[in-house]
Amino acid sequence: MCGIVGILGTDPVNLRIYDALTVLQHRGQDAAGIATTGGERIFLRKDNGLVKDVFRTRDIHELIGNLGIGHVRYPTAGTSSALEAQPMYVNYPYGIALSHNGNLTNQESLKASLLTGNHRHLNTRSDSEILLNVLAHELAEQAVDVLEAKHIFKAIRRVHERCKGAYAVVAMIPGFGLFAFRDPNGIRPLVFGSRTTEAGVEHMVASESVALDALGFSLTGDLAPGEALVIQEGRTGQVFREQCAERFAHNPCIFEYVYFARPDSIIEGISVYKSRLRMGNYLAQKILRMRPDNDIDVVIPIPDTSRTAAIQVAYHLGVKFREGFIKNRYIGRTFIMPGQAIRKKSVRQKLNPIPLEFRGKNVLLVDDSIVRGTTSQEIIRMAREAGAKNVYFASAAPPIRYPNVYGIDMPAANELIAHDRDVEAVRQAIGADWLIYQDLEDLIKCGVEGNALITEFEDSVFSGKYVTGDVQQEYLQHLGQARSDSAKSAADSPTA
């Protein structure tokens, strides 16, 4: 999962892209990058680390121009090498810089066709570089001296024909302008908006609406699945939009609402905050059905994502809601940290219990989801050490049993605690006194009630159904082997 942003402004965009990436930092903590242009050259700065660590004052000053794109990354493909940080750049044709959120499911065949058929060189293991080179090749095939929006749309149509999987993309070409597009299923989010200044109209594209809010842009809406948007320099008052996919469907990723997106974002017209309130409502209803005579004394959220749902659970159960864990704000999100050992260690560094909220009580802990189980095990152990009489655990999401192939770091099935386990086996594994999961049907309702036009979400981690229709068991096995924690550690080692 990554965060992307692009701005075509009336004055320098360097600081604003920096600010937008800071707002989107929750989407990736591995690397950050910004590319800008003043009309001829592309100025690029990227490296491993948080936004605040990658960019110093001198770096920002060197990012010149009124057009730019940015990226925050956590790796699901390739390695954690700074070489694979984004934006990525190719000089032919025209000079293209690109930021990508998602994952291509046919990257191996694409790589082969690029190397042997298109004669393009690839310098990393990143599928983002593959996507960039497909786009560059399709633009080069048109061989035009004066680039127009119609040429961009034609190239993107070919990208849709060749590339499978999930991708939200923002890109720029010096002297031409900014463009963005989404995959034909609209799996990864991409919103856009504008604002009017004394000098003219400015435009912005980002992964989440909260980035637009922070910079004073008004949200226009979401790019539709398969849609592309082009804004040319010198014509900033006009936005060109075109549907570039022959076949498209609306299948946004449900996990954005469960975990990834900020609660103050609006994605696909759905308030992330309200969707999480509804998750709490449905979860409470299930608890009351299954355990009408429960002895819960207090509901405690696992900070921060689950707090909204936990408030509603406590309300409907008629019990106290308490903050039982204090979060260290300087530790990143453990789910997207690389390596099981690092994740396990970070739980203790990240959370500290308040014993008086646990001592002698039957505690219901509410989390947004249970992925590998590492965090849940440690938190339950901490609750017992703090004096809890019984520790119950509720997940606002259903059991995660299947790999994700669309840009979320859940590629290896055997690293998912609910894979090949029923609820009772998971309960025993994490050490809870009882465990309850949200039903998938109810989770889908949490989204549909926010936007009735969306009837099918991308929910493969829960259902095992992959909306692109090209994911086979052989591919999943290969993916699991290539992207497991052990494989990533080996790939990132100096001797690899």
Polar contact flag, side-chain donor to acceptor under 3.5 angstrom, [X]-[Y]:
| X | Y | answer |
| --- | --- | --- |
| Gln86 | Ser99 | no |
| Ser265 | Tyr273 | no |
| His478 | Gln472 | no |
| Glu458 | Ser460 | yes |

Looking at Arg125 and Glu84, does any basic side-chain N land under 4.0 Å from a carboxylate oxygen?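 Salt bridge: no.
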Between Glu256 and Arg188, is the closest basic N to carboxylate O distance under 4.0 Å? yes
Work out which heavy atom in [X] is nearest to a heavy atom in [Y]; give both atom names and the distance.
| X | Y | value |
| --- | --- | --- |
| Leu212 | Ala206 | CD1-CB, 3.7 Å |
| Phe153 | Glu242 | CD1-OE1, 3.4 Å |
| Cys2 | Val72 | CB-O, 3.1 Å |
| Ile267 | Ala261 | CD1-CB, 3.6 Å |

Looking at side-chain heavy atoms only, is the closest gap between Arg45 and Glu62 below 4.5 Å? no
Under 3.5 Å: donor-acceptor pair, side chain of His419, backbone of Arg401: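 It does hold such a pair.
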Flag, side chain of Ser113 to backbone of Gly117, donor-acceptor distance under 3.5 Å: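 Judged by distance alone, no pair lies under 3.5 Å.
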Any residue meeting side-chain hydrogen bond (donor to acceptor under 3.5 Å, both in side chains) with Glu268, in chain and number order, not counting sequence neighbours: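 Once residues adjacent in sequence are excluded, the partners of Glu268 under the side-chain hydrogen bond (donor to acceptor under 3.5 Å, both in side chains) criterion are Arg182, His250.
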side-chain hydrogen bond (donor to acceptor under 3.5 Å, both in side chains) contacts touching residues 141-153 (sequence neighbours left out):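 Residue pairs passing side-chain hydrogen bond (donor to acceptor under 3.5 Å, both in side chains), neighbours aside: none found.
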Which class fits the ring pair Phe255 and Tyr259: parallel under 30°, tilted 30 to 60°, perpendicular over 60°?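 The rings of Phe255 and Tyr259 sit tilted, inter-plane angle from 30° to 60°.
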Sequence neighbours excluded - salt bridge (charged side-chain N to carboxylate O under 4.0 Å, His left out) pairs with any residue from residues 5-19: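 Sorted pair list: Asp11-Arg16, Arg16-Glu202.
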From CA spacing to verdict: salt bridge (charged side-chain N to carboxylate O under 4.0 Å, His left out), Asp470, Lys164: CA-CA 8 Å; Asp470 62 334; Lys164 307 300 180 186; over 6 Å; no
Asp368 pairs by side chain to side chain contact (heavy atoms under 4.5 Å, CB included) with which of Asp304, Val258, Ile302, Thr308?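 When side chain to side chain contact (heavy atoms under 4.5 Å, CB included) is applied between Asp368 and each of Asp304, Val258, Ile302, Thr308, only Val258 qualifies.
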